[in-house]
Amino acid sequence: MAEEKLPTRSENYSEWYNQLIQRAEMADYAPVRGCMVVRPYGWALWENMQQNLDKRFKETGHVNAAFPLLIPKSFLEKEKEHVEGFAPELAIVTIGGGQELEEPLVIRPTSETVIGYMYSKWIKSYRDLPVLINQWANVVRWEMRTRLFLRTLEFYWQEGHTAHATQKEAEEETLRMLDVYADFAEKEAAVPVIRGRKSATERFAGAKETYSIEAMMGDTRALQAGTSHFLGQNFAKAFDIQYLDLNNQLQHVWTTSWGLSTRFVGAIIMAHGDDQGLVLPPRLAPYQVVLIPIYKNDEERSKVMPVVEKLKAELSGFRLKVDDRSEVTPGFKFNDWELRGVPLRIEVGPKDVEKGTFAMARRDIPGRDGKSFVPQVNAARTVGDMLDQIQTGIFQKAVDFRKAHVFDPKSYDELKEVLQGGWAYSWWCGDAACEAKVKEDTKATTRNIPLDQEGGSGKCIVCGKPASEKVYFARAY
RNA sequence: CGGGGUGUAGCGCAGUUGGCAGCGCACCGCGUUUGGGACGCGGGGGUCGGCGGUUCAAGUCCGCCCACCCCGACCA
């Protein structure tokens, strides 16, 4: 429980982040370095995200399945770039049942390979296509530096894997799922994102093209919040996934993969959180409303509780928590639930019982400004409207924040300067050497080349050569 | 793997020239409290990271090892 104030974001952003997660009981450190335990409150948020995404996947024709955690090491080696990309971060099992294994097994860092293997068994004809499968799973990547939610050795995610008859279909799928992520991020999580294409250096190991959604965090650093890959025929060739087309010709399929992980929880924390703690989007928050009864003695209690019960029944359509703990004071509860980011707080005390009102405090507007006293009648309508306002309010706030921290530098020196406290949106010639120079000078990398460009052309911000696209540069998590 | 740092109660820390292992918070009990982080009284809780050495005596001195954290090279 929170007994002291959180460090402020300006004081020490990463301390703010770490402590907040632990105090809000989102997650805790596990005994193994770099691993975390997602606690019930954090998992409840993830479950809401899962449900919402899952529904969107089903709506776009996908089905769920489960593939194994252990993958023969040789599988990873079949796609050249894939091995090179993942080799350094593999966890490998060499002993099973007390015996050295003939072939080491890797704990999946991602499942393109096993799934490719299975697809080659399942896909024989154009009639079998497309295959649109998703799985919810955990994966392991042996990272050097870890952060709760943002980068842990083990993390939870979903990975969609699809196979198509044509390149065009696969490319459309890749972008369709990117749009699903973007829509989810903005509508549900209230996190504004940039949809774009990754540079070759930032591309997924084994992909032809990687697309991402990029979000700005409260310290202006960028977070890759979801990715969608067009894999071309790379994995189809490596795993021999072939089908007979209408003309009885053997063809390799075209595949895609796309994933969104528990890292997104970190995005929600850092996009909306303030110095009081979490600010959770109403559409995903484990509790949308917390109701706090207030009384001094049994007599007051007996008057207040019936109203609490009545409101609870009336608000049964919302995820509501009645905090009737007697061992802590209301003031403590206010702070506690603010820390935990519950979008809306309702207080019912003796004065409210008399007047037929309740107090309502919105989490996104701290202090008196966010507090109002409203009649108990039509409570469901009042609360629903307020939650909608909060949802759009925090989205707008995040949009405004991003707008205030994206710059269009006029020179390389200015680029270096703006990257200290924001993103640069600049012309880039596409040369990896220019990217590398920026990284060297500022630690910022290219985030993505937005799909929505104004067009035209300009000069590369780094080398001055002609450029036909603009890219976002930012320091990233 | 390089550079820096820290290991003492669940968490945060103090512990002097080597001499009874402590403080705050959290936790448990009782009572008073309760509209913005309540208070009093009484409790429980320790292989001082590990192993070895010096010493009558080691949290403290010496050696080795281990773990974790921060900064760099890799990343959803």
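Computed from a predicted structure; not experimentally measured. Numbered from 1 within each chain, the chains take letters A, B, ... in sequence-line order. Atom set for the values below is all heavy atoms of this structure, side chains included, hydrogens, waters and symmetry mates excluded.
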**Item:** Candidate pair A:T445 and A:R447, rule side chain to side chain donor-acceptor pair (under 3.5 Å), full reasoning
**Value:** CA-CA 6 Å; A:T445 50; A:R447 298 325 302 154; 2.6 Å; yes
To the nearest Å, give me how far apart [atom1] ([X]) and [atom2] ([N]) are.
X	N	atom1	atom2	answer
A:E327	B:G37	CD	C1'	14 Å
A:D336	B:A38	CG	C1'	15 Å
A:Y181	B:A76	OH	C1'	10 Å
A:M36	B:A76	CE	C1'	12 Å
A:E25	B:A26	CD	C1'	12 Å
A:L178	B:A76	CG	P	15 Å
A:W136	B:A76	CH2	C1'	14 Å
A:L153	B:A76	CG	C1'	13 Å

Short N/O separations, protein against nucleotides 68-73 of chain B, under 3.5 angstrom:
residue : atom : partner : partner atom : Å
B:C71   : OP2  : A:R145  : NE           : 3.4
B:C71   : OP2  : A:R145  : NH1          : 3.1
B:C71   : OP2  : A:R145  : NH2          : 2.2
B:G72   : OP1  : A:K443  : NZ           : 3.0

Pairwise [atom1] distance for [N] and [M], with rounding to whole Å:
N	M	atom1	result
B:U60	B:G4	P	24 Å
B:U16	B:C1	P	34 Å
B:A58	B:U54	P	11 Å
B:G15	B:C23	P	15 Å
B:G37	B:A26	P	15 Å
B:C62	B:U55	C1'	12 Å
B:C51	B:U8	P	15 Å
B:C30	B:C69	P	40 Å

**Prompt:** Below 6.0 angstrom between ring centroids: does that apply to A:F155 and A:W157?
**Reply:** yes
**Request:** For this output row, return yes or no: ring centroids of A:Y211 and A:W258 closer than 6.0 angstrom.
**Result:** no
Return the pairing partner of [N] with a 3.5 Å limit on both distances, Watson-Crick or G-U wobble; otherwise return none.
N	value
B:G12	B:C23
B:G46	none
B:G2	B:C71
B:G18	none
B:C51	B:G63
B:U34	none

Tell me what [X] touches on the nucleic acid: a base, only sugar-phosphate, or nothing, going by heavy atoms under 4.0 Å.
X	result
A:T152	base
A:L150	base
A:Q224	sugar-phosphate

**Request:** Please list, chain by chain and in numerical order, all residues satisfying side-chain hydrogen bond (donor to acceptor under 3.5 Å, both in side chains) with A:E171, sequence neighbours excluded.
**Result:** A:Q167
**Message:** My understanding is that only residues two or more places apart in sequence, or in another chain, count here; which of them pass side-chain hydrogen bond (donor to acceptor under 3.5 Å, both in side chains) with A:R402?
**Reply:** none
**Request:** Specify whether A:Y425 and A:Y472 have parallel, tilted or perpendicular ring planes, treating 30° as the upper limit for parallel and 60° as the lower limit for perpendicular.
**Result:** parallel
**Request:** Show your working on side-chain contact (heavy atoms from CB on, under 4.5 Å) between A:V383 and A:I346 and close with a plain yes or no.
**Result:** CA-CA 9 Å; A:V383 165; A:I346 291 176; 3.9 Å; yes
**Prompt:** Can you give one letter per nucleotide of nucleotides 30-36 of chain B, 5' to 3': B if a protein heavy atom sits under 4.0 Å from the base, S if only from the sugar-phosphate, - if neither?
**Reply:** ----BBB
**Request:** Count the heavy atoms of every other residue, nucleotide or ligand shown that sit under 6.0 Å from CZ of A:R203, and state whether that count exceeds 12.
**Result:** yes
**Prompt:** Counting only heavy atoms not in A:K208, do more than 12 sit closer than 6.0 Å to its NZ atom?
**Reply:** no
**Asked** Taking only residues two or more places apart in sequence or in another chain, which ones pass salt bridge (charged side-chain N to carboxylate O under 4.0 Å, His left out) with A:E84?
**Response** A:K80
**Request:** Could you note down all residue pairs passing ring-ring contact (aromatic ring centres under 6.0 Å, His included) where residues 69-89 of chain A supplies at least one of them, sequence neighbours left out?
**Result:** A:F75-A:Y117, A:F75-A:F239, A:H82-A:F86, A:H82-A:F204, A:H82-A:F235, A:F86-A:F204
